[in-house]
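Just below is one structure, and these are the notes that go with it.
Here the structure is a predicted model, which is why all the values come from computation and not from measurement.
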Amino acid sequence: MGISLLNKIEDIIKKKKIREYEILLVENDTYETIFKKNKGENEREIFDYEYTIRTLNQKVDGTGIGIVKGCSSDSKEIEKNIDICASISKSNSDFKYEFPQKRGIPEINIADELITNDPLEVKSKLTDELISEIEQQKDVLPTFGRVRIHCKKKFLRNHNGIDLKALKTFIFVEFSLKAQSNGKLSEYWLTNYFKEISHFNIREQVEKWTKLAKDTLIAKLPKPTSKAVIIFPPHLLREAINPVIGYHILGKAHNEKTSAYKIEEKIATDNFSLLDNGLLEGGFNTNSFDGEGTPQQKNIVIKDGYFKKRLYDQKYAILDNEDSTGNGMRSIEGSIHNDISNLEILPGNISLKEIISNIKEGYYIEQFSWLNPGELSGVFGAEIRNGYYIENGKIQHPIKGGNVSGNVLKMIKSCKFISKEKEFSLNSYFPYICFTNLSISS
Amino acid sequence: MTSLTSDIIFEKFEEQVNNYKRRNQYFDLLYDSISSLQIKKTRSTEDISSQNDKCGFVARTFLGSWKEYASNNISDLKLIKKKIPNVDNKGVLITEFESWKFNKEIKTKIDLLKISTDEKLQKVREIYDFIQNYSNQIVNTSILYKEFFTTRIFVNNEGCRLRQILPRVRLIIKPIAKEGSKREYDSFSIGGEMGFEIFDEINTKKLEQIAKNSLDMLATKSPPSGKFPLILDPEMTGIVAHESFGHGLEADQIIRDRSYLKDKKDKKVASDMCVICDNPSIENELGSYFFDDEGIKAAKNILVENGILKNFIYDRRTASELNGIPKGNGRRETFAHPINVRMSNTYFESGDYNLEEMITEINYGVMLVHSKFGMEDPIGGGMQCTSSKGYLIENGERTQLLSGITLSGSVLDLLQNIDAISNNKLQFHGGTCGKGNEDLVPVTSGGSYIRVKEGLISPG
């Protein structure tokens, strides 16, 4: 379908004498097994494609941008879509915008050959291993799960000569393990995308889920305090840092007058440095080009606690007279939105074990109900699902329940310890960080 | 596929369905198409995007477990035979439900298709300009207008031949106010199965109030932490009904042994005054429809009556296994997503109390207003529901405006501690709901005001 449909759409656009255009074509092949307990409950295969056309209408004081999505390969339907797109570009009035020029693109492989060769075989092997490992665990039972393999082909072409393609593979795993004793129930429920199969170490993960599910059975409520010392593991840090810090560092936030940050302002502790790395090996959003066809890059955003650089897509780069940093991501509606690629926090020089041994009284939180901090304010209040109480440098007992309240914008001003260990979690590669300015109510 | 008429789709689907005899196996085919228009305006953006008939089909059979094949290429219909095997004598593995025929397209007061994009854009610009000019302290305003037409055609080998076209519209207005380094907002949203008349709901007085609500947030104080008498507004009441309680009643969680409510049927789970329902057949709400994505007719399901748990929420599979009556809760986000047991419009029925009396009777407590989000805990019965704002209640009066509040603790403790439900008219609040983090479907939740003797809150 790919190239021939792309050519067909481009031919029709050219016949309509539309000068500035862009076509994005995405093909998704998805293979999924959904489990009920430890048995397959639904085997699914999905083959889906769609294209997004953007056309520009340059005006005296700005640019009209038309965006239309479709999936029909019928010439008349394509023509209809292009007409809708052109009509929208006449109505719309956005800031000055033009499609990026053709530039050198780094060569990055983001597809796993094993998956592209035989996705069903990979899924089958993965699910067999996972279920076998789960069945070997004592005192826990699986309640449900999902394992999904994604193969995504992307073709991007614009009138400036950009003509790019990418093939990306990744997996999705969701599983819940339950422990039960004397009528009491507990679980550990994991939901995560993994860019690389190697990031999902089945034995290690299943043993960890089992321990968390069993420990939560005997969990106690945390003690209320307004000065809690709490360790966030990498995946929880992502839930805190990416939506909040990841918003305030954008050119968009600056132009909307909603960014809390000024360049060279001290916004975090000295030990905190943050990078946006669109080329990070193993990063979920790693690609050679962004949603507009601009090469992705690696940029230091916060260095030793100082805000150094904003991230730009093409539009906000033009508005701020900067260059795009390759941070134009594609929204579900087909428009471009300025966003982070993969965030990295530089590691510290202390191990997680040493961090714990340095805490007189505090907590390690494995999972909240849903952190979901306010993007602008950074404020959150979230119920603890799985965690541990630390006293005199040692983990004492599991905890569950109670709320942790805090503000992500303030948290990064109190990073007491940063671990040297780092882990991937979706589009982040973060260490463990211990914060000192959070509250707990229970 | 988009150029096909519904008659041709029916014809092509029936050809496929006829290959699978019901006595041998259950088989169904769903056609799904979404056309949408979205206008988003902020200080630095005016985005208009259109989606024209994004569509596909999904075929499936039940052979003790489901097997599905989905594609958006019409020529792939011929692959169904290869992907979905013919078997013998597996038809009894799932219960046969009532077959029916139905074909309806909802007509709205003002047809969206007869209104130009320019007119819609003009409305959005007017709202933006009004709010942006209301005060210098409003630094940005985000307006999101989204209309979408969902067409679902369903055919199965039990004789169902169904088609529905549902127009849904949402309008979300978010003025962002700033003072010093403080940035706050209070958002407003409306939506439902409606047309261009959605803008009739927006007048100058309403816009002033929306702007003022955000400006007022600059003067909020942080809420207290701990256990207090609480009043939940209809949005927060709905979030409790849906997120904290309803998800535990979804029968897929029951058959997975993943719900704390599994053994609570016909037992007391809430105070006597509580009646909680799920009802996709209510007219014109965001979570309304005529049939679900398994061809089951939408109907009211009384989940809790006088505090007693009466029913779970079923799809075909779980109703078959648990001998329940499905009421239309097997839903897909699109053809590319799986069926899950999902809620629709979920709510507490109104009670007898006067809201002002409910407030007057509290010496020191908190009112939680405007839901922000909630998260389910089907196995543990825990609760996390966060409001955008609230009020302190002191000596029977609403006093200080508070910033966001997180309600947590045990949902059953909360339900059993309800001591008053207001007699206000039911209010529904629309949004989307995921199963876990995925598979988003339009829903509403709501009720009237409820009072809880004691609940755990903290800043959130």
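- The pair Lys435(B)-Glu174(A) fails the salt-bridge criterion, with no side-chain N (NZ, NE, NH1 or NH2) lying under 4.0 Å from an Asp/Glu carboxylate O.
- Using modelled atom types, one finds a donor on one side chain and an acceptor on the other under 3.5 Å when comparing Ser35(B) with Asp53(B).
- Looking at Lys83(B), the atoms closer than 4.5 Å to chain A (heavy atoms on both sides) all sit in the side chain, from C-beta outward.
- Counting heavy atoms from C-beta outward, Arg256(B) and Lys178(A) have side chains that stay 4.5 Å or more apart.
- Neither side chain, Ser89(A) nor Asn92(A), offers a donor N or O lying under 3.5 Å from an acceptor on the other.
- Only the backbone of Ser259(A) comes within less than 4.5 Å of a heavy atom in chain B; its side chain stays farther off.
- Of the two parts of Ser176(A), only the side chain, counted from C-beta on, holds a non-hydrogen atom closer than 4.5 Å to a non-hydrogen atom of chain B.
- Using a 4.5 Å cut-off between heavy atoms, Tyr49(A) touches chain B through backbone and side chain atoms alike.
- Contacts of Ile176(B) with chain A are made by side-chain atoms alone, with heavy-atom separations under 4.5 Å and no backbone atom involved.
- Checked by atom type, the side-chain pair Ser71(B)/Asp76(B) shows a donor-acceptor distance below 3.5 Å.
- For Arg60(B), no part lies near chain A; criterion is any non-hydrogen pair under 4.5 Å.
- Using a 4.5 Å cut-off between heavy atoms, Leu456(B) contacts chain A through its side chain alone, with no backbone atom that close.
- Residue contact with chain B, scored on non-hydrogen atoms closer than 4.5 Å, is absent for Phe368(A).
- Taking a cutoff of 4.0 Å between a charged side-chain nitrogen and a carboxylate oxygen, Asp32(B) and Arg332(B) do not qualify as a salt bridge.
- Checked by atom type, the side-chain pair Ser44(B)/Tyr316(A) shows a donor-acceptor distance below 3.5 Å.
- Of the atoms belonging to Lys315(A), it is side-chain heavy atoms, and not backbone ones, that fall under 4.5 Å from chain B.
- The contact between Glu32(A) and chain B is made entirely by side chain atoms (from C-beta outward), counting heavy-atom distances below 4.5 Å.
- Lys146(B) touches chain A through its side chain: at least one heavy atom from C-beta onward sits under 4.5 Å away, while N, CA, C and O do not.
- For the side-chain hydrogen bond (donor to acceptor under 3.5 Å, both in side chains) condition, the pairs that include at least one residue of residues 369-380 of chain A, sequence neighbours left out, are Ser369(A)-Arg385(A), Ser369(A)-Gln384(B).
- Contacts of Ile440(A) with chain B are absent, with no heavy-atom separation under 4.5 Å from either backbone or side chain.
- With a threshold of 4.5 angstrom between heavy atoms, Lys184(A) does not approach chain B through any atom at all.
- In this structure, Phe57(B) has its ring center no closer than 6.0 Å to that of Phe335(B).
- Contact annotation for Ile457(B): only backbone heavy atoms (N, CA, C, O) come within less than 4.5 Å of a heavy atom of chain A.
- Using a 4.5 Å cut-off between heavy atoms, Lys39(A) does not touch chain B at all.
- Gln122(B) does not touch chain A: none of its heavy atoms, backbone or side chain, sits under 4.5 Å away.
- Heavy-atom distances place both the backbone and the side chain of Gln51(B) under 4.5 Å from chain A.
- Donor-acceptor pairing under 3.5 Å is recorded for the side chains of Glu179(B) and Gln137(B).
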